[in-house]
Novice: 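Here you go, one structure.
This is a predicted model, so every value here is computed, not measured. Lettering follows sequence order; numbering is per chain, from 1.
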Amino acid sequence: MSEERIREIKIEKIQKLRDQGVQPYPERWERTHTPEEAARLEAGLAAVRVCGRIVSRRDFGKLTFFDLQDVNGRIQCSLQRDGIGKESYTDFIKLVDVGDFVGIEGETYHTKIGQLTVRGASWQLLGKMLRPMPEKFHAISDREIRYRRRYLDLITDEKSRSRFRLRRDFIRALRHGLEQAGFDEVETPVLQTKPSGALATPFKTHHAALDMPVYLRIAPETYLKRCVVAGFDRVFEFARVFRNEGMDPSHLQDFTMLEYYASYWNYIDNMDFTEKLLRDVIEQCTGSLQVPHAAGEIDFSGPWPRLSLLELIEQKTGIAVESCPDVESLRSALEGADIHIDGASKMGRGALVDQLYKKTVRPSITQPTFITSHPVDLSPLARRNDEKPTISDRFQLVIHGWEVINAYSELVDPIDQRQRLEEQAQLNAEGDDEAMVMDEDYLLAMEHGMPPISGWGMGIDRIVALLCGAENLRDVVLFPLLKPEEGSAVEDAILEAGEEAPAIEGAGA
RNA sequence: GGGAGCAUAGCUCAGUCGGUAGAGCAACGCCCUUUUAAGGCGUCGGUCGUUGGUUCGAACCCAACUGCUCUCACCA
């Protein structure tokens with residue numbers, strides 16, 4: 001039977017309901033328990049009111065069992081013809097379908113095989129659905145449908161529901177942990193006149209009222225530091241950020257980053273806090289510090305190793321980066337070690353060290369590991385090490401080859417900062433697209449004075465994916481961006497808008 | 001951007017050698033008071049992603065296009 005025919009049948013059912021004076025879309029229902037709560041009740045409790053979507057039904061003629069579900073849980077209910085009357089029972093059988101929302105009032109009992117159930121004394125339709133439900137024992141497996149119509153994925157797949165519950169719980173626990181540690185939550189601009197705070201290509205758009213180009217933020221960093229100048233001595237933001245770059249299982253263009261900044265800390269304090277915060281939050285959300293993953297169990301129990309980037313590179317490749325003070329000598333060292341890096345001739349020394357690390361060291365790191373002591377020219381916003389001015393007081397947390405956290409003792413010296421931004425601007429002018437641009441407004445804020453700070457950015461999507469064993473970030477993002485389907489309403493609307501609405505153009509345009 | 005793979009009923013999937021399509025679930029009709037993938041009997045449901053080509057004949061072979069997935073390059 002076609003989907004269209006099924007839809008017509010359901011519309012006919014709605015008409016029959018209306019003919020009997022039943023409102024198929026009533027305005028409210030007062031529940032006493034969620035499905036999750038109800039499933040934990042004792043037997044023998046009367047006047048229990050539960051509601052949810054019917055996700056399965058087992059019909060025995062004069063007795064029917066069905067399950068009400070929401071994202072958090074499920075409760076079995078039953079209706080008996082002898083209990084609610086023939087007419088009401090027949091209406092339920094004939095006019096209510098799997099997929100509809102209903103409310104049930106009744107008492108709890110255990111079935112013959114011990115399943116806690118709400119025996120309905122009455123039922124009320126709370127919302128009729130017109131589309132057929134997906135098949136009930138395989139869940140949606142077509143990845144395209146799972147992403148485009150995530151609600152179907154969530155209705156049918158408990159594993160998907162549990163991933164998004166974990167994401168919710170993880171964010172909630174992080175927020176609570178930071179608040180307990182004296183951090184204030186703030187919100188900073190998404191539309192910025194200068195993209196800053198990271199090395200990345202931004203999305204560019206146009207501000208109509210001010211008639212000027214603006215960028216979607218690639219990081220909240222410089223605004224959060226302005227908050228520190230203002231006297232918020234510990235701040236954080238759950239920031240949606242946008243980077244107009246490649247898309248693959250570990251990179252999305254629109255993703256969520258938690259950043260925080262703590263005054264009077266250095267990066268060592270920050271590492272200590274990070275390890276404690278994450279261990280607490282992970283144990284709280286998953287119930288364990290050992291997390292299963294396709295690539296092997298991840299053990300968060302720690303202590304997490306703290307390893308120097310340059311030492312790791314030397315171990316892996318034999319190249320002593322520090323004995324290559326300029327980009328030319330580093331390039332020849334790479335040639336000597338027979339390591340090829342695409343585009344090496346266009347990179348500065350910092351970018352080249354970074355590539356060397358990403359090619360040789362990072363993929364081999366599986367367990368939670370702090371990588372420290374990055375070269376200072378990789379870290380234009382990080383503080384120089386007092387003993388070794390060529391390296392920065394910086395760390396990254398790497399798990400399963402993914403960079404999950406990037407952190408440093410922040411650069412708070414406005415003179416040094418100006419010099420480093422000038423170097424970045426020079427690289428940018430020479431064709432390094434990802435190098436930063438000069439940001440006088442940020443320098444102005446810095447010149448008003450900053451305390452010592454250490455801060456941090458964590459890819460929420462990445463850590464959540466790692467915690468729930470997802471190998472693609474899209475599996476932990478509710479509605480990942482996909483191209484519109486050909487002939488879809490969305491695409492038709494875009495085609496209709498045509499040249500009239502070039503709202504967004506690529507940064508490279 | 002390069003390469004590879006996938007697309008069949010609302011969903012999950014079969015489809016042999018090229019001979020105009022099949023199951024389960026869902027839906028519809030009937031039976032059934034303890035199931036939880038309930039069960040039994042019956043019925044409906046398809047422009048085989050789109051467009052061309054080859055062929056007497058295409059779900060199947062070829063090409064292009066669209067979408068998705070993986071991968072390389074780039075990036076967090």
Novice: Measure CG/A:D100 against P/B:A27 and give the value in whole Å, please.
Specialist: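 Result: 10 Å.
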
Novice: Would you measure the distance from the P atom in B:G24 across to the matching atom in B:A14 and give it in whole Å?
Specialist: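 Rounded to whole Å, the distance is 16 Å.
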
Novice: Without swapping roles, check the side chain of A:T108 against the backbone of A:L45 for a donor-acceptor pair under 3.5 Å.
Specialist: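 Confirmed, A:T108 side chain pairs with A:L45 backbone.
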
Novice: Give a yes or no answer on whether the side chain of A:R462 reaches the backbone of A:S250 with a donor-acceptor pair at less than 3.5 Å.
Specialist: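 Yes; judged by distance alone, with no hydrogens or angles, the pair exists.
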
Novice: Going 5' to 3' along nucleotides 68-76 of chain B, which nucleotides have protein heavy atoms under 4.0 Å from the base (write B), which only from the sugar-phosphate (write S), and which from neither (write -)?
Specialist: SSSS-SBBB

Novice: Under 4.0 Å from OP1 or OP2 of B:C28: is there any side-chain N or O of A:K13 that close?
Specialist: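 Yes.
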
Novice: Return the pairing partner of B:U50 with a 3.5 Å limit on both distances, Watson-Crick or G-U wobble; otherwise return none.
Specialist: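 WC or wobble partner is B:A64.
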
Novice: If I take atom CZ in residue A:F66 and atom P in nucleotide B:A37, what distance separates them, rounded to the nearest angstrom?
Specialist: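 To the nearest whole Å, that distance equals 17 Å.
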
Novice: What integer number of Å spans the C1' atoms of B:C44 and B:G5?
Specialist: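 The same atom, C1', in both gives a distance of 35 Å.
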
Novice: Could you give the CD1-to-P distance, from A:I113 to B:U35, as a whole number of Å?
Specialist: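 Rounded to whole Å, this separation is 5 Å.
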
Novice: May I ask you to verify if any side-chain N or O of A:S141 is less than 4.0 angstrom from the OP1 or OP2 atom of B:C13?
Specialist: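 For B:C13, OP1 or OP2 has a side-chain N or O of A:S141 closer than 4.0 Å.
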
Novice: Nearest to the A:I9 side chain among B:U36, B:G10, B:A27, which nucleotide is it?
Specialist: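 Between B:U36, B:G10, B:A27, the one nearest the side chain of A:I9 would be B:A27.
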
Novice: Are side-chain N/O atoms of A:S56 and A:R58 paired as donor and acceptor at under 3.5 Å?
Specialist: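 The answer is yes; a qualifying pair exists.
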
Novice: May I have the distance from A:M129 (atom CE) to B:A26 (atom C1'), rounded to whole angstrom?
Specialist: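 Nearest whole value for this atom pair: 11 Å.
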
Novice: Could you give the NZ-to-C1' distance, from A:K128 to B:A27, as a whole number of Å?
Specialist: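 So the two atoms are 12 Å apart, to the nearest Å.
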
Novice: Where the side chain of A:Q20 meets the backbone of A:L17, is there a donor-acceptor pair that is under 3.5 Å apart?
Specialist: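 It does not hold such a pair.
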
Novice: When you compare the ring of A:F60 with the six-membered ring of B:C32's base, are the centres less than 5.5 Å apart and the planes under 30° from each other?
Specialist: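 The base of B:C32 is not stacked with A:F60 (the test needs centres under 5.5 Å and planes under 30°).
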
Novice: A:I145 has a side chain; which of B:C11, B:G45, B:C28 sits nearest to it?
Specialist: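 Closest nucleotide to the A:I145 side chain: B:C11.
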
Novice: Tell me: CD of A:E3 to C1' of B:C25, nearest whole Å?
Specialist: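 Checked: the CD to C1' distance equals 15 Å.
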
Novice: Write down the distance separating the P atoms in B:U20 and B:C31, rounded off to the nearest Å.
Specialist: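 One P to the other, the span is 39 Å.
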
Novice: Around atom NZ of A:K194, are there more than 12 heavy atoms of other residues, nucleotides or ligands at under 6.0 Å?
Specialist: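 Yes, because the 6.0 Å sphere around NZ of A:K194 holds more than 12 heavy atoms from other groups.
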
Novice: On RNA chain B, check which nucleotide each of A:I140 and A:R57 is closest to and give me the residue with the more 5' one.
Specialist: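 It is A:I140 whose nearest nucleotide is closer to the 5' end.
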
Novice: Taking the minimum atom-to-atom distance to the side chain of A:F137, which one of B:C13, B:A37, B:G45 wins?
Specialist: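 Ranking B:C13, B:A37, B:G45 by closest atom to the A:F137 side chain puts B:A37 first.
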
Novice: Can you tell me, in whole Å, how much space there is between the P of B:G2 and that of B:U8?
Specialist: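 Their P atoms lie roughly 26 Å apart.
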
Novice: Taking atom C1' of B:A27 as reference, at what distance in whole Å does atom CG of A:D59 sit?
Specialist: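 Those two atoms, CG and C1', are 14 Å apart.
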
Novice: Could you pick out which residue, A:P132 or A:Y109, lies toward the 5' side of RNA chain B when each is mapped onto its nearest nucleotide?
Specialist: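 With A:P132 and A:Y109 compared, the 5'-side residue is A:P132.
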
Novice: Check whether the side chain of A:S56 and the base of B:U36 form a donor-acceptor pair under 3.5 Å.
Specialist: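 Looking at the base of B:U36, it does not pair with any donor or acceptor on the side chain of A:S56 (distance under 3.5 Å).
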
Novice: May I ask which nucleotide in the shown strands pairs with B:C25, Watson-Crick or G-U wobble, both distances under 3.5 Å?
Specialist: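 Per the H-bond distance test, B:G10.
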
Novice: Considering only B:A27, B:C11, B:U34, which nucleotide approaches the side chain of A:F65 most closely?
Specialist: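 Closest nucleotide among those given: B:U34.
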
Novice: When you compare the side chain of A:T156 with that of A:V55, does any pair of heavy atoms fall below 4.5 Å?
Specialist: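 The answer is no, as the side chains (C-beta and beyond) never meet within the 4.5 Å cut-off.
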
Novice: In Watson-Crick or G-U wobble terms, both distances under 3.5 Å, what is the partner of B:U69?
Specialist: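 Result: B:A4.
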
Novice: Rounding to the closest angstrom, what is the interatomic distance between B:A63 and B:U55 at atom C1'?
Specialist: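 About 16 Å, rounded to a whole number of Å.
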
Novice: Now, which nucleotide makes the Watson-Crick or G-U wobble pair with B:C32, with each of the two distances under 3.5 Å?
Specialist: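 Base-paired to nothing in any strand shown.
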
Novice: Is it true that, when you exclude A:E107 itself, more than 12 heavy atoms of the residues, nucleotides or ligands shown sit nearer than 6.0 Å to its CD?
Specialist: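 Counting other residues, nucleotides and ligands, CD of A:E107 exceeds 12 neighbours.
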
Novice: Would you indicate which nucleotide in B:G10, B:A26, B:U34 comes nearest to any side-chain atom of A:K136?
Specialist: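 The answer is B:A26.
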
Novice: How far does the P atom of B:G53 sit from the matching atom of B:A58, given to the nearest Å?
Specialist: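 My reading of the P atoms in B:G53 and B:A58 gives 12 Å.
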
Novice: What's A:A198 touching, base or sugar-phosphate or nothing? Going by heavy atoms closer than 4.0 Å.
Specialist: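 If one applies the 4.0 Å heavy-atom cut-off, A:A198 turns out to touch nothing in the nucleic acid.
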
Novice: Would the distance check show the side chain of A:Q69 and the main-chain N or O of A:I155 forming a donor-acceptor pair, the cut-off being under 3.5 Å?
Specialist: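 Checking the backbone N and O of A:I155 against the side chain of A:Q69, a donor-acceptor pair under 3.5 Å is found.
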
Novice: Could you check whether A:Q253 and A:R243, counting side-chain N and O atoms only, form a donor-acceptor pair closer than 3.5 Å?
Specialist: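 Distance-only check fails for A:R243 and A:Q253.
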
Novice: Grab the CG-P distance between A:D157 and B:C25 for me, whole Å please.
Specialist: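 From A:D157 CG to B:C25 P: 21 Å.
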
Novice: So which nucleotide from B:G29, B:U35, B:C25 ends up closest to the side chain of A:R58?
Specialist: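 That would be B:U35.
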
Novice: For the C1' atoms, the ones on B:A76 and on B:U66, what distance do you get once it is rounded to whole angstrom?
Specialist: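 The same atom, C1', in both gives a distance of 31 Å.
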
Novice: Determine the interatomic distance between P on B:C60 and the same-named atom on B:G19; round to the nearest Å.
Specialist: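 That atom pair is separated by 11 Å.
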
Novice: Strictly by modelled atom types, are A:S196 and A:E221 linked by a side-chain donor-acceptor pair under 3.5 Å?
Specialist: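 Their side chains do not contain a donor-acceptor pair, so the 3.5 Å distance test is not met.
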
Novice: Since syn is defined as within 90° of 0, does B:U20 count as syn or as anti?
Specialist: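 Syn conformation here, the glycosidic angle of B:U20 being no more than 90° from 0.
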
